[in-house]
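First the proteins, then the strands, lettered A, B, ... as listed; each starts at 1. Bear in mind the structure is a predicted one, so any value in this text is a computation, not a measurement.
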Number of protein chains: 2
Amino acid sequence: MDTEQVRRVRSFNRTVSQRIGVLKDHFLDRNRPLGEARLLYEIGRAGVEVRDLRARLELDSGYVSRLLRSLERQRLVRAQAAANDGRVRRVRLTRAGLREVRELDRRANVLARSVLAPLSVPQRDRLITAMAEIERLMRASAVQISVEAPDSADARWCLEQYFRELAGRFETGFDPAKSIPANADELTPPAGVFVVARLGGRPIGCGALKLKDRMIAEIKRMWVAADARGLGVGRRILEMLETRARDLGVSTLRLETNRTLEEAQALYRSCGYVEVEPFNDEPYAHHWFEKTRI
Amino acid sequence: MDTEQVRRVRSFNRTVSQRIGVLKDHFLDRNRPLGEARLLYEIGRAGVEVRDLRARLELDSGYVSRLLRSLERQRLVRAQAAANDGRVRRVRLTRAGLREVRELDRRANVLARSVLAPLSVPQRDRLITAMAEIERLMRASAVQISVEAPDSADARWCLEQYFRELAGRFETGFDPAKSIPANADELTPPAGVFVVARLGGRPIGCGALKLKDRMIAEIKRMWVAADARGLGVGRRILEMLETRARDLGVSTLRLETNRTLEEAQALYRSCGYVEVEPFNDEPYAHHWFEKTRI
DNA sequence: CCGATTATCTGACTACAGTCAGAGAATGGA
DNA sequence: TCCATTCTCTGACTGTAGTCAGATAATCGG
C-alpha cells in the first residue's frame with residue numbers, strides 16, 4: 001500500500017472532519033448539549049423503550065436516565081411505564097419535542113445545502129457522485145470476515161438466507177435434502193471452515209470450506225446479502241477461504257454451481273477458477289470449477 | 001438544489017464522521033487529551049512562539065499556558081524566553097516530545113492504512129480518486145467572495161499578484177503605467193466595485209467592476225491564484241460582479257484581455273461574452289468582449 | 001413464593017475543554 | 001521617563017460527557 005495513498009487518506013480525513021466540524025458548530029446544537037440532541041433524534045416520532053435507547057447509543061444507564069430527566073424538565077419528552085412490563089419505561093416526544101427534532105433536521109439540511117450552494121451544477125453532480133462512491137467504499141472497507149462455528153446464530157441465519165435465495169433463483173426451486181449435504185461437522189475444523197462476513201456487526205455473507213482429502217477441498221455456501229453486493233465481499237470471502245485452505249496444506253479447490261448464479265461464476269472465473277468436467281453428481285449444479293496451486 | 005442531493009450530503013457526513021470518529025477513538029489519543037496532542041502537533045520540530053500557537057489554534061491564553069505546563073511536566077516540551085523579546089516564550093519539543101509526535105504520526109498512518117487494507121487494488125484507486133475529488137470540491141465550496149475596498153490590505157496584495165502574473169505572462173511584460181488605469185476611487189462604490197475571493201481567510205482571487213456610464217460597466221482585475229485554479233473561483237467572481245452590475249442598473253458589460261490569457265477567454269466565452277471590435281485603445285489587449293442583457 | 005435477574009434511577013465522582021478576570025513582567029512610543 | 005500595550009501566567013469558575021456503585025421495583029424461573 002503506497003505512502004502516497006496513505007497521505008491522501010489522512011488529508012481527506014483532516015479536510016472533511018474539519019469542514020464538517022466547523023459547519024456543525026455553526027449550525028447545529030448551539031445551546032443544546034450534543035448528548036440530548038442525539039437522544040431526541042434517536043427517540044424519533046414513534047417513541048422507544050429506554051433500554052433500546054441505551055443499547056443503540058451504547059450509553060451508561062445512569063447517564064441516559066439523567067439526560068431523559070433533563071429532557072423531561074424541558075418538556076421535550078414524556079416517559080411512562082411500558083404496558084406489558086412494569087420495569088421498562090417508554091419515552092416519546094411531546095409536541096415541543098417533535099418540533100425540536102424537526103428544527104434539528106432543518107438545520108442539518110441547511111448545513112448540507114451550505115456545502116452545495118456555492119458550487120455550480122456540474123460541480124454539485126460530481127460532488128454527489130464522489131460522495132456516493134466514498135460511502136460505498138467505506139462500507140466495503142468496514143466489512144469484517146471471520147472464521148466462526150457453522151451452527152452459531154449468525155451462521156445459521158446466513159445459511160437460511162442462502163437456501164432461501166437458491167430456492168428463489170433456481171428454475172427448479174431448491175430442496176436442501178436433495179442436494180449433497182454439508183452439515184455443521186463437515187464445516188468445522190479440522191473437517192472444514194466456515195466464515196461469516198459482517199458489516200457493523202450485522203452478518204451480510206458467508207462461505208465455507210469442506211475438506212475432501214489432504215489435497216482437495218470444496219468451496220460451499222458462498223452467499224452475500226443482496227444489499228451488500230458490489231462491495232467485493234464475495235471475493236474477500238473466497239480469498240479468506242483460499243488462505244485457510246493453503247494453511248491446511250490443500251492444493252486444489254473445487255466447487256459446483258447452478259447456471260442461474262451468473263455473478264458467482266464471474267467471480268470464480270476472475271479468481272482463477274477454470275471450468276472442469278463434473279466431479280460429483282450434485283443435482284442442482286450445471287458448472288463445476290477447479291483451481292489448482294492456490 | 002434538489003432534496004435528494006441534500007439527503008446524500010447528509011448521509012455522507014454521517015457515514016464519514018462516524019467511520020473516522022470510530023477509528024480515531026480506536027487508534028489515536030488513547031490516554032492523552034486531544035488538546036495536548038493538538039498542541040504537540042502544532043509545535044512541530046522547529047518549535048514555535050506561544051503567541052503563534054494561540055493564534056493558530058484560536059485558544060484562550062490561559063488554557064494554552066496550562067496545557068503547556070502539563071506538557072512540560074511530562075517532559076515533552078521545553079519553554080524559554082524568546083531571544084529578542086522577553087515577554088514572548090518559545091516552546092520546543094524535547095527528544096521525548098519528538099518521539100511522541102512521531103508516534104501520533106505513526107498511529108494516524110495505521111488508521112489510514114486500516115481504511116485501505118480491506119480493499120482490492122482497484123477499489124483503493126477509486127477511493128483515492130473520489131477522496132481527491134471531494135477535497136477539491138470542498139475547497140471550492142469553502143471559497144467566500146465578498147465586496148471590499150480596493151485599497152484594503154488583502155485587495156492590494158491580490159492586485160500585486162495580479163500585476164506580477166501579467167508581467168510574467170504577457171510576451172511584452174507589463175507596465176501598469178502604460179495600461180489604462182483603474183485606480184481605487186474608480187473601483188469603489190458608487191464608481192465601481194471590488195471583490196475578493198478567500199479560502200480559509202486567505203485571499204485567492206479578485207475582480208472589479210468600473211462603471212463607464214449608467215448602462216455600461218467594465219470588468220477589470222480578474223485574477224485567481226495559481227493554486228486555487230480549477231475550483232470555479234473565476235466564474236463565481238464574474239457572477240458576483242454581474243449581480244452587482246445588475247443591481248446598479250447596468251445592462252452591458254465589457255472587458256478586454258491579452259491573447260496569452262487563454263483560460264480567461266474561455267471563461268468569458270462560456271459565460272456568454274462575445275468578442276467585439278476594440279472599444280478602447282488598451283495597449284496590452286488583443287481581444288475585446290461584451291455581454292449585453294446581463 | 002423465593003431468589004435471581006432485569007430495568008431504571010440516584011448520588012458521588014472524574015476528565016476534558018474551555019472561559020474570564022486579573023496580576024506581573026517586558027516592551028514601545030510619546 | 002512614564003504610560004499604554006503586549007505577552008504570559010494563575011486562580012476560580014462553568015458545562016459537557018461520562019463512569020461507577022449501589023438502591024429500588026418489577027418480573028421471571030423453578
Side-chain angles (χ1 to χ4, degrees), chain A residues 17-18 21-22 24-26 28-43 47-74 76-92 100 104, chain B residues 17-18 21-22 24-26 28-43 47-74 76-92 100 104:
Chain A
S17 17
Q18 205 221 46
V22 168
K24 226 174 212 147
D25 292 351
H26 234 256
L28 259 47
D29 35 16
R30 297 285 237 174
N31 42 23
R32 173 163 331 282
L34 191 66
E36 292 185 6
R38 280 207 299 162
L39 237 64
L40 279 178
Y41 235 101
E42 202 63 33
I43 291 168
V48 284
E49 299 187 348
V50 173
R51 58 178 172 182
D52 286 353
L53 214 49
R54 248 191 349 246
R56 268 193 258 164
L57 298 175
E58 297 185 287
L59 295 174
D60 176 84
S61 67
Y63 185 35
V64 169
S65 184
R66 229 179 307 275
L67 285 173
L68 287 175
R69 257 354 39 79
S70 163
L71 290 172
E72 264 182 331
R73 271 197 306 280
Q74 296 168 66
L76 297 173
V77 306
R78 242 192 337 264
Q80 59 193 116
N84 51 336
D85 187 335
R87 295 167 301 181
V88 177
R89 306 251 292 165
R90 279 192 73 82
V91 275
R92 37 179 43 234
E100 186 67 18
L104 288 172
Chain B
S17 14
Q18 205 221 47
V22 167
K24 224 173 217 151
D25 291 352
H26 233 257
L28 259 46
D29 35 16
R30 297 284 236 176
N31 43 23
R32 173 162 333 280
L34 192 67
E36 291 186 8
R38 281 208 296 160
L39 237 64
L40 278 178
Y41 236 100
E42 202 63 34
I43 291 169
V48 284
E49 299 187 349
V50 172
R51 57 178 174 183
D52 286 352
L53 213 49
R54 247 188 354 242
R56 268 193 256 165
L57 298 174
E58 295 185 288
L59 295 174
D60 177 84
S61 67
Y63 184 35
V64 169
S65 184
R66 230 178 305 274
L67 285 173
L68 287 175
R69 262 346 46 75
S70 163
L71 290 173
E72 263 181 333
R73 270 197 307 280
Q74 297 169 65
L76 297 173
V77 306
R78 243 193 336 264
Q80 59 192 116
N84 51 336
D85 187 334
R87 294 166 301 180
V88 177
R89 305 251 294 167
R90 280 192 72 84
V91 275
R92 38 179 42 232
E100 186 67 18
L104 288 172

Asker: Among the nucleotides C:dA17, D:dC20, C:dA7, which one has an atom lying closest to any side-chain atom of B:L34?
Answerer: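 Among the listed nucleotides, the one closest to the side chain of B:L34 is C:dA17.
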Asker: In whole angstrom, what separates B:L59's CG from D:dT8's C1'?
Answerer: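 The distance from CG of B:L59 to C1' of D:dT8 comes to 15 Å, rounded to the nearest Å.
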Asker: Just distance, no hydrogens or angles: give the donor-acceptor pairs under 3.5 Å from side chains in residues 55-63 of chain A, sequence neighbours left out.
Answerer:
from: A:R56; atom 1: NH1; to: A:E42; atom 2: OE2; distance (Å): 2.9
from: A:D60; atom 1: OD2; to: A:G62; atom 2: N; distance (Å): 2.8
from: A:D60; atom 1: OD2; to: A:Y63; atom 2: N; distance (Å): 3.1

Asker: Which one of A:L71, A:I43, A:V91, A:L68 satisfies the side chain to side chain contact (heavy atoms under 4.5 Å, CB included) criterion with A:L76?
Answerer: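 Answer to the side chain to side chain contact (heavy atoms under 4.5 Å, CB included) test with A:L76 among A:L71, A:I43, A:V91, A:L68: A:L71.
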Asker: Within this structure, what is the CG-to-P distance between A:N84 and C:dA7, rounded to whole angstrom?
Answerer: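 Interatomic distance, CG of A:N84 to P of C:dA7: 12 Å.
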Asker: Pick the closest DNA chain D nucleotide for A:S61 and for A:D85 by heavy atoms, then say which residue is nearer the 5' end.
Answerer: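 Comparing both residues, the 5'-ward one is A:S61.
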Asker: Which distance, rounded to the nearest 0.5 Å, do you find between the CG of B:D85 and the CD of B:E49?
Answerer: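 Here the interatomic distance stands at 8.0 Å.
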Asker: In whole Å, what is the span from the CZ atom of B:R87 to the P atom of D:dA4?
Answerer: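 To the nearest whole Å, that distance equals 16 Å.
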Asker: When the distance from CG of A:L53 to P of C:dC9 is rounded to whole Å, what number comes out?
Answerer: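 Roughly 11 Å, once rounded to whole Å.
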Asker: Grab the CG-C1' distance between A:D60 and C:dT6 for me, whole Å please.
Answerer: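 Distance, rounded to whole Å: 15 Å.
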Asker: Does the side chain of B:R66 pick up a donor-acceptor pair with the side chain of B:S70 at under 3.5 Å?
Answerer: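 No, no side-chain donor-acceptor contact under 3.5 Å.
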Asker: Within residues 62-70 of chain B, which residues have any heavy atom lying less than 4.0 Å from an atom of DNA chain D?
Answerer: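 Result for residues 62-70 of chain B: B:G62, B:S65, B:R66, B:R69, sorted by number.
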Asker: Counting the atoms with a prime plus P, OP1 and OP2 as sugar-phosphate, which does A:R90 contact under 4.0 Å by heavy atoms, base, sugar-phosphate, or nothing?
Answerer: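 The answer is nothing, as A:R90 stays clear of every strand by at least 4.0 Å.
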Asker: Mind calculating the distance between CZ (A:R89) and P (D:dT24) to the nearest angstrom?
Answerer: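 To the nearest whole Å, that distance equals 17 Å.
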Asker: For A:V88, does its backbone N or O pair with a side-chain atom of A:R51 as donor and acceptor, under 3.5 Å?
Answerer: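 No, the answer is negative, given that no donor and acceptor are paired below the 3.5 Å cut-off.
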Asker: Going by distance alone, is a donor N or O of one side chain under 3.5 Å from an acceptor N or O of the other, for A:E36 and A:Q74?
Answerer: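 Their side chains do contain a donor-acceptor pair, which is all the 3.5 Å distance test asks for.
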Asker: If I take atom CD in residue A:E49 and atom P in nucleotide D:dT27, what distance separates them, rounded to the nearest angstrom?
Answerer: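 Rounded to the whole Å, the gap is 13 Å.
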Asker: Using salt bridge (charged side-chain N to carboxylate O under 4.0 Å, His left out) as the criterion, list what pairs up with A:R92, not counting sequence neighbours.
Answerer: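 Result, salt bridge (charged side-chain N to carboxylate O under 4.0 Å, His left out) vs A:R92: none returned.
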Asker: Check the distance between C:dC16's P and B:L39's CG and give it to me in whole angstrom.
Answerer: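 Checked: the CG to P distance equals 15 Å.
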Asker: Using a cut-off of strictly less than 4.0 Å, decide whether B:R51 has a side-chain nitrogen or oxygen near OP1 or OP2 of D:dT8.
Answerer: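 No, no such contact exists.
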